[in-house]
There are 2 protein chains.
Amino acid sequence: MAPERKPVDRRKQVLEASARSFATFGYKATTMDQVAKIAGVGKGTIYTFFANKEELFGEIMSGMIRELKELADRTVRPEVPFVDNLMEVLHRLLDYREQHALAAKLSQEVRDLGTPMAKEGLETLERAVVAYIARHVKDAMDRGEIKPCDPNLTAYIMLKTYLALTAESRHLHRPLSKEEVLDYFRTYWMEGLAVR
Amino acid sequence: MAPERKPVDRRKQVLEASARSFATFGYKATTMDQVAKIAGVGKGTIYTFFANKEELFGEIMSGMIRELKELADRTVRPEVPFVDNLMEVLHRLLDYREQHALAAKLSQEVRDLGTPMAKEGLETLERAVVAYIARHVKDAMDRGEIKPCDPNLTAYIMLKTYLALTAESRHLHRPLSKEEVLDYFRTYWMEGLAVR
DNA sequence: GAACTGACCAAAATAACAAATCGGTCAGTT
DNA sequence: AACTGACCGATTTGTTATTTTGGTCAGTTC
């Protein structure tokens, strides 16, 4: 059951070519002709692996979600407090420019073009991230590490804070350094602003 | 210097008609003919008070900002802790459906149509709100009530949290009651999630 | 004669139509 | 059997004709 010694793995070629194209040009501006060209493959070949453009895009998105999940799972250590895990995952996440590139491009595409498929993809990603965070929030809550709260809502607001600190802060602010993002996140979310 | 006993204050009529129209139909779909009709005034009359549509819209927006500021100033008591003032202003703000209607309509217009003027108006509003909150954050910081932080950034994230709890939460969640919004805002922002 | 009006105009938005592009297929090549 | 690219209908894009809109101003009203 060893991986076949194919001369070239065309499926992988298509996957990589489309991933780069989606991240660079967005969903709409990525054409199947272009993907075939970049992959060095005939257009028909794409359709032996993926039913259509939508499915190909879905594959890229779920691949991204899977990688994020693996990154987080690799980082989280159950014996360590929730806060520290959260910070460490955030820390590593901030280095992953690749994933961010696709998400950022799709986000821009939704703003500028309103492409429905890009919107849907981002919503799926958001739901996955929120669900993942919510699970850990719930665990921490059950262990009595953090106060009672609605895990989903809390996860949602956490994500919004993260995005505001990284992507959007540029509007009112200079972009923040990685250390500043972590610092603010810890202050806002764990310790609270009130002096005690 | 008593207010003149005009048979009708046409300026006010125009202002009220356009306020309602902007809130109901948005910037683009509000026509000057329509405003004149609602105000019960000839179209030319509008232009004796306002140079153009842009200026009329600007007047409505700055009026809204002024009202919000007055509401807040009327509520804030300097001798009371920052948190309590914040909560009380939020509390009263949540009852002001009028202001929210215009902001919500403009927000939708930016999403759906991308109208530049609507975008600009919302950005002005956002800057005003952030600047206002930031001033109070800085005061509270100087008084040692809250930890050191960047007032502008903190105000910005506070606003984002507020919007996420009120407007956006509906996507992942049922809309929250006023009490829940206040509760979560207090937990997240003042006490922190960590159990101590 | 100051305040006000609405027919009027240029400019911008929309609709209608023609041309180009794209997702997807499949007969033919390797 | 795996793969290709010319081909096709559908969608998008570019173009032109029509309508709508912001703004003006000669004329009416009080």
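Because only heavy atoms are used, hydrogens play no part in the values below, and waters and symmetry mates are left out as well, while side chains stay in. Order of the sequence lines fixes the chain letters, A, B, ..., with proteins taken first and strands second; residue numbering starts at 1 for each chain.
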Whole-Å distance between C:dC4 P and B:D9 CG? 10 Å
Atom pair distance, as rounded to whole Å: NZ in B:K37 and P in C:dT5: 14 Å
Proximity to the side chain of B:K53 - top-ranked nucleotide from D:dG23, D:dT4, C:dG24: D:dG23
According to the salt bridge (Lys or Arg N to Asp or Glu O under 4.0 Å) rule, which pairs have a member within residues 47-61 of chain B, sequence neighbours left out? none
Quickly work out the B:E54 CD to D:dT21 P distance and round it to whole Å. 18 Å
Please figure out whether A:G44 or A:M32 has its closest DNA chain C nucleotide nearer the 5' end. A:M32
Under 4.0 Å between any heavy atoms, over every strand shown, what does B:T31 touch: base, sugar-phosphate, or nothing? Just pick one. sugar-phosphate
Between D:dA2 (P) and A:F49 (CZ): distance, integer Å: 9 Å
Can you pull the salt bridge (Lys or Arg N to Asp or Glu O under 4.0 Å) pairs that have at least one residue in residues 92-117 of chain B, sequence neighbours excluded? B:E88-B:R92, B:D95-B:K178
Can you tell me the distance, in whole Å, between the CG atom of B:L113 and the P atom of C:dA13? 12 Å
What is the distance, rounded to the nearest whole Å, between atom CD1 of B:I46 and atom P of D:dT21? 14 Å
Would you tell me whether A:T154 and B:Y188 have side-chain atoms, one donor and one acceptor, within less than 3.5 Å of each other? yes
Quickly work out the A:Q34 CD to C:dG24 P distance and round it to whole Å. 15 Å
Nucleotide forming a Watson-Crick or wobble pair with C:dT29, both distances under 3.5 Å: D:dA2
If the plane angle is over 60° it's perpendicular, under 30° parallel, otherwise tilted; pick one for B:F22 and B:Y27. parallel
So, does A:R10 get its side chain near the phosphate of D:dA1, meaning an N or O under 4.0 Å from OP1 or OP2? no
Aromatic ring proximity, centroids under 6.0 angstrom, B:Y132 and B:H136: yes
Tell me, yes or no, whether the heavy-atom count around A:R66 atom CZ, taken from other residues, nucleotides or ligands under 6.0 Å, exceeds 12. no
OH of B:Y27 versus P of C:dA13: gap in Å, rounded? 11 Å
Is the shortest heavy-atom distance from the side chain of A:Y47 to the side chain of A:V14 under 4.5 Å? no
Between the protein and nucleotides 7-12 of chain D, are there any N/O to N/O pairs under 3.5 Å, and if so, what are the atom names and distances?
none

